[in-house]
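Below: one structure, written as structure tokens.
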Amino acid sequence: MLQISYIRENREEVIDRLKVKNFGQLGLVDEVLRLDEELRSLKVASESISAEANSAAKKIGELMRQGKKEEAEAIKAQSASYKEQLKQYTEQLGPLEAKFFDTLVQLPNLPYHLVPEGKDAEDNEVVLQHGDLVELPEGALPHWELAAKYDIIDFELGVKVSGAGFPVYKGKGARLQRALINFFLDKANAAGYREVQVPILVNSDSGFGTGQLPDKEGQMYYVGNDDMYLIPTAEVPVTNMYRDVILKEEDFPIKNTAYTPCFRREAGSYGAHVRGLNRLHQFDKVELVQVVHPKRSYEVLEEMSLYVQSLLKELRLPYRVLRLCGGDMSFTSAMTYDMEVWSAAQKRWLEVSSVSNFETYQSNRLKARFKDADGKMQLVHTLNGSALALPRIVACILEENQTERGIKIPDVLVPYTGFEWID
RNA sequence: GGAAAGUUGGCAGAGUGGUCGAAUGCGGCGGUCUUGAAAACCGUUGUCUGUAACAGGACCGGGGGUUCGAAUCCCUCACUUUCCGCCA
């Protein structure tokens, strides 16, 4: 959520930057400013009545104590009208406040100055590419066929148990998953992230805090009986640990990592691009979340990007890094790097990580603040990144490393899997 | 699932209708003392909103009500804790 004070003072700039984000409803900016002004003038009026009512009440108290009953009664009679006036104001203020808030939350985050203008994925900027795009030999299989051939991932079984998008990992397939989770967590620990285990069902306050609610409601599975949501990413519970928290400057940087399953409804996604492991309703992910001083957040974003790249290098997967254009960025992000891995068999790039700086967009909702050196309250900056999402990594590992003999497990994973070959 | 109690400032914990934005303790900050530190002592210490600065306004789990006046009384919702039941 943007800060209204910032919009008030930087109207032109806000509009310009929203244009970079390809935001279609620029009129909302003036709408929110209009509501803000209306709201504030109404508040001034209502508060002056409150002030009068308060001082009258105080006076009555004093008179009563002095035993001057008649005088007190006289003021009492006058005071009766305040109540009616205040009631009228609150009746207007309530709906107006709601309208204001509804409008304000419809404004997405402002993109950072490095974010390129653009509509969609076509306009993303390729920052770098690493590793050769190996040509697989004739007869190489996509991962879903490899999964069937070695009987390690069973999509049909998942359909029976739950539905499409809920695969069952079997034998070495399951063990590879577990190995990757442990590998990613160990690496994150070594990089200074504290490991946390968090709930995967969250309440609506948490959904709001990180920006999934109210807009992305349809993306999440909702457990109506208990009014809870299955998390689409560990970002939600981990970042919400800092909701309503006042930090000290020396607490920074706060680095947490969590492994969780993630659940996404992905309504309306079908076709070749969602085949196999490409897009699932349930998948595993190790997530990084940092809470940092505003001055350092872009430094930290680079650091996180490099960290994610180091994982991909260790796994020997060719990858590229994209800086997302305004139009392709998420609602809440100020700048995002996507890491994509080359799927040799599908001959296309697959997103395996997304690293974002949210600046104060989340912390303003979360009320996650710190006292700065001058003793003033400031909103923290929050960042997160996948390190990494498993399914597409698994897909690429299977495809890249297929040989006549079987699938060769990358060296760094062997201590974790306990086997070198899937055959 | 049943029963009871509770929700107050960074934390602990007083406060049952007016001088309560809230005692006290801890913690934090500043100072005295000390070569330095600790202890002790003194002072200070909530958030949001608003103003050029004052002033003013709001906040004692959320919402509503009673009253001239509510942390305090009433209604309602949510959550937490404890005991019993069930259970990995």
Side-chain angles (χ1 to χ4, degrees), chain A residues 1-9 32-33 35-102 104-105 197-209 213-214 222-229 237 240-252 254 261 291 360 363-380:
Chain A
M1 184 164 67
L2 296 178
Q3 290 166 270
I4 185 64
S5 56
Y6 191 85
I7 303 176
R8 227 184 267 150
E9 285 155 32
V32 87
L33 285 173
L35 289 167
D36 174 52
E37 202 158 314
E38 203 178 322
L39 200 53
R40 287 198 297 158
S41 71
L42 203 57
K43 266 188 187 157
V44 168
S46 124
E47 278 171 13
S48 74
I49 305 287
S50 293
E52 282 181 47
N54 285 346
S55 79
K58 209 167 264 178
K59 197 169 285 170
I60 292 170
E62 245 166 72
L63 292 171
M64 295 289 264
R65 238 171 296 117
Q66 294 163 9
K68 299 178 179 167
K69 228 171 167 196
E70 300 81 44
E71 287 180 53
E73 288 300 328
I75 301 179
K76 245 193 221 187
Q78 288 170 25
S79 294
S81 75
Y82 292 135
K83 206 177 174 182
E84 185 53 34
Q85 291 182 63
L86 278 174
K87 197 177 168 192
Q88 281 179 16
Y89 278 118
T90 25
E91 272 168 11
Q92 288 179 63
L93 274 168
L96 194 58
E97 254 163 4
K99 184 92 190 300
F100 167 75
F101 183 76
D102 284 350
L104 184 59
V105 296
Q197 283 199 13
V198 291
I200 58 176
L201 280 164
V202 294
N203 57 32
S204 54
D205 283 346
S206 292
F208 175 77
L213 297 176
Y222 176 60
V223 184
N225 272 350
D226 297 289
D227 193 25
M228 305 253 258
Y229 296 85
N240 270 282
M241 296 196 304
Y242 299 93
R243 173 151 47 84
D244 293 319
V245 166
I246 297 169
L247 295 160
K248 301 193 196 99
E249 241 181 285
E250 60 263 33
D251 295 333
F252 295 134
I254 294 170
V291 177
T360 59
S363 59
N364 189 32
R365 292 182 166 207
L366 294 162
K367 298 214 192 323
R369 296 169 295 175
F370 72 100
K371 261 203 172 111
D372 66 19
D374 302 328
K376 276 181 43 181
M377 284 291 182
Q378 280 195 54
L379 293 169
V380 302

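Every chain is numbered from 1, with letters handed out A, B, ... down the list of sequences. These numbers were taken from a predicted model, which means no experiment stands behind them.
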Let me know the distance between [atom1] of [X] and [atom2] of [N], rounded to the nearest Å.
X      : N     : atom1 : atom2 : value
A:D244 : B:G61 : CG    : P     : 14 Å
A:K371 : B:U45 : NZ    : P     : 12 Å
A:L93  : B:G50 : CG    : C1'   : 15 Å
A:K83  : B:A70 : NZ    : C1'   : 12 Å
A:Q3   : B:C48 : CD    : P     : 12 Å
A:D372 : B:U47 : CG    : P     : 12 Å
A:K248 : B:G28 : NZ    : P     : 8 Å
A:K376 : B:G28 : NZ    : P     : 25 Å

Within residues 44-63 of chain A, residues whose heavy atoms come under 4.0 Å of RNA chain B: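 Within this stretch, A:E47, A:S50, A:A51, A:N54, A:A57, A:I60, A:G61 sit under 4.0 Å of the strand.
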In Å, rounded to the nearest 0.5 Å, how long is the span from NZ of A:K371 to CE of A:M377?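 It comes to 4.5 Å.
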Please round to the nearest 0.5 Å and tell me the distance separating atom CD1 of A:I49 and atom CD of A:E84.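 It comes to 11.5 Å.
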Interatomic distance at [atom1], [N] relative to [M], whole Å:
N     : M     : atom1 : value
B:G13 : B:C26 : P     : 15 Å
B:C83 : B:G30 : C1'   : 49 Å
B:G9  : B:G28 : C1'   : 13 Å
B:C29 : B:U67 : C1'   : 42 Å

Is the shortest heavy-atom distance from the side chain of [X] to the side chain of [Y] under 4.5 Å?
X      : Y      : value
A:L104 : A:I7   : yes
A:M241 : A:V291 : no
A:D251 : A:K248 : yes

Just grab all the salt bridge (charged side-chain N to carboxylate O under 4.0 Å, His left out) pairs involving residues 37-61 of chain A, residues at least two apart or on different chains.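 Found A:R34-A:E38, A:D36-A:R40, A:K43-A:E97.
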Determine the minimum heavy-atom distance between A:M1 and A:N364, stating which atoms define it.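 Looking at all heavy atoms of both residues, the shortest contact is O-ND2, 3.0 Å.
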Minimum heavy-atom separation for A:L213 to A:Y229, with atom names?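 So the minimum-distance heavy-atom pair works out to CD1-CE1, 3.8 Å.
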Can any side-chain N or O of A:S363 pair as donor or acceptor with the backbone N or O of A:V380 at less than 3.5 Å?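 Judged by distance alone, yes, a pair lies under 3.5 Å.
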By nearest heavy atom, map A:D226 and A:M377 onto RNA chain B; which one lands nearer the 5' end?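 Its nearest nucleotide being more 5', the pick is A:M377.
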Residue [X], side-chain heavy atoms: nucleotide from [options] that is nearest:
X     : options             : value
A:S79 : B:G46, B:G50, B:C68 : B:C68
A:R40 : B:U47, B:U67, B:U51 : B:U51
A:R8  : B:C68, B:C48, B:G50 : B:G50

For RNA chain B, the dot-bracket pattern of Watson-Crick and G-U pairs whose distances stay under 3.5 Å, | for other-strand partners: ((((((((.[[[..)..(.....]]]((((((.......))))))((((......)))).[[[[[..)....]]]]])))))))....
Heavy atoms only, 4.0 Å cut-off, all strands: where does A:K43 land among base, sugar-phosphate and nothing?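 Nothing: the residue A:K43, judged by heavy atoms under 4.0 Å, touches no strand.
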Is A:M64 touching bases, backbone alone, or none of the nucleic acid, heavy atoms closer than 4.0 Å?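 Since a base atom lies under 4.0 Å of A:M64, the category is base.
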Side chains of A:D227 and A:Y222 only: does a donor on one sit below 3.5 Å from an acceptor on the other?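 Checked: A:D227/A:Y222 side chains pair up, N/O donor to acceptor below 3.5 Å.
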